[in-house]
Amino acid sequence: HVVAILGNIASMLGQKAREKGVSFNIETTSLPHNLHGDPTRLQQAMLNYAANALKFTEIGSITLRVKEDDQTDATATLCFEVEDTGIGIAPEVLPKLFSAFEQADNSTTRQYGGTGLGLAITKKIAEVMGGTAGVISSEGQGSTFWFTAVLRKSRGSAEQVIRTRLEVAEQAIRQDHAGKHILLAEDEPIN
């Protein structure tokens, strides 16, 4: 369920947010039922945004939001947003933000750490899911990072669809990769 994705992210980042004195809010509107998409990719995209928001927000709040952007008989386009009360972004930096390996500026990177590949990855995830990504920001007043994704409406329940997909994926992994080892390299504890 889409709302559960936001809850998962708030749960993952909640302790770090509490330590900083930053609150997490979740806002949702009424959404279509039985939507079919890739919850792992959606969660990763939102987590990239939320982790950055937490990094650049010293006081105030972070709001995770999802709302319907458009709908047809077969699909629903959802808009996912992460709004923060952080340091904001200078106008001249905005066009570069979603490019791989671009950073805001050296002083910001030294103080807060960089945004890494997270924004570029989120944009790519959105594009794969038929959407796009962007940001609205005022320097010193916070930012709202957003992306859209087109989800299919399914006839069965979302839980049935997800369960079936997981079973098929697990069988394929066992069949195609039996006996193999996996190395996971990650330098971000939250991930």
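In what follows, residues are counted from 1 in the order of the sequence shown. Predicted, not measured: the structure shown is a model, and the values here were computed from it. Just the heavy atoms: all of them, side chains too, but no hydrogens, waters or symmetry mates, feed the values below.
Residues forming a side chain to side chain donor-acceptor pair (under 3.5 Å) with Asp69 (at least two apart in sequence, or on another chain): none. For the side-chain contact (heavy atoms from CB on, under 4.5 Å) test, residues two or more places apart in sequence or in another chain that qualify with Gln15 are Arg18, Glu19. Applying the side-chain contact (heavy atoms from CB on, under 4.5 Å) criterion to Ser11, with sequence neighbours excluded, gives no partner residue. Residues forming a side-chain contact (heavy atoms from CB on, under 4.5 Å) with Thr28 (at least two apart in sequence, or on another chain): Val3, Leu6, Ile26, Val66. With sequence neighbours left out, the side chain to side chain donor-acceptor pair (under 3.5 Å) criterion links Thr72 to Thr75.
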Next item on the list: Kindly indicate, with the supporting measurements, whether the criterion side chain to side chain contact (heavy atoms under 4.5 Å, CB included) is fulfilled by Leu64 and Glu27.
Entry: CA-CA 6 Å; Leu64 310 180; Glu27 292 181 5; over 6 Å; no

Margin query: Pair Thr77, Gln71 - check side chain to side chain contact (heavy atoms under 4.5 Å, CB included), show working.
Written below: CA-CA 6 Å; Thr77 302; Gln71 189 172 170; over 6 Å; no

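Separating the CG atom in Asn48 from the CD atom in Gln43 is a distance of 11.0 Å, to the nearest 0.5 Å. How far CD of Glu58 is from CD1 of Ile87: 8.5 Å, rounded to the nearest 0.5 Å. To the nearest 0.5 angstrom, Ile182 atom CD1 is 8.0 Å from His177 atom NE2. Rounded to the nearest 0.5 Å, atoms CZ (Arg174) and CG (Asp176) are 12.5 Å apart. Atom CG in Asn52 sits 9.0 Å away from atom CG in Leu97 (nearest 0.5 Å). One finds the CG atom of Leu31 at 7.0 Å from the CD atom of Glu68 (value rounded to the nearest 0.5 Å).
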When the side chains of residues 124-131 are checked against the rest of the protein, which donor-acceptor pairs come out under 3.5 Å, sequence neighbours left out?
none

Less than 3.5 Å apart, which donor and acceptor atoms pair up between the side chains of residues 138-152 and the rest of the protein, not counting sequence neighbours?
| from | atom 1 | to | atom 2 | distance (Å) |
| --- | --- | --- | --- | --- |
| Ser143 | OG | Ser137 | OG | 2.8 |
| Thr148 | OG1 | Thr132 | N | 3.0 |
| Arg152 | NH2 | His36 | NE2 | 2.8 |

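Heavy-atom minimum distance, Phe98 versus Ala133: CE2-CB, 4.0 Å. Across every non-hydrogen atom of Val22 and Thr57, the tightest pair is CG2-O, 3.7 Å. Closest non-hydrogen pair, Leu13 versus Ala51, comes out as CD1-N, 3.8 Å. Taking all atoms of both residues into account, the shortest heavy-atom contact from Ile9 to Leu47 is CD1-N, 3.6 Å. Between Ile62 and Ala53, the shortest heavy-atom distance links the atoms CD1-C, 3.7 Å.
Paired with Met46 under the rule side chain to side chain contact (heavy atoms under 4.5 Å, CB included), one option of Asn8, Val82, Thr122 passes, and it is Val82.
Side-chain contact between Tyr49 and Leu119: present, with at least one pair of heavy atoms (C-beta onward) separated by less than 4.5 Å. Phe24 places none of its side-chain heavy atoms less than 4.5 Å from the side chain of Thr63.
Note on residues 80-93: pairs passing side-chain hydrogen bond (donor to acceptor under 3.5 Å, both in side chains), not counting sequence neighbours, are Arg65-Glu81, Arg65-Glu83, Lys67-Glu81. Residue pairs that meet the ring-ring contact (aromatic ring centres under 6.0 Å, His included) test with at least one member in residues 118-143, sequence neighbours left out, do not exist here.
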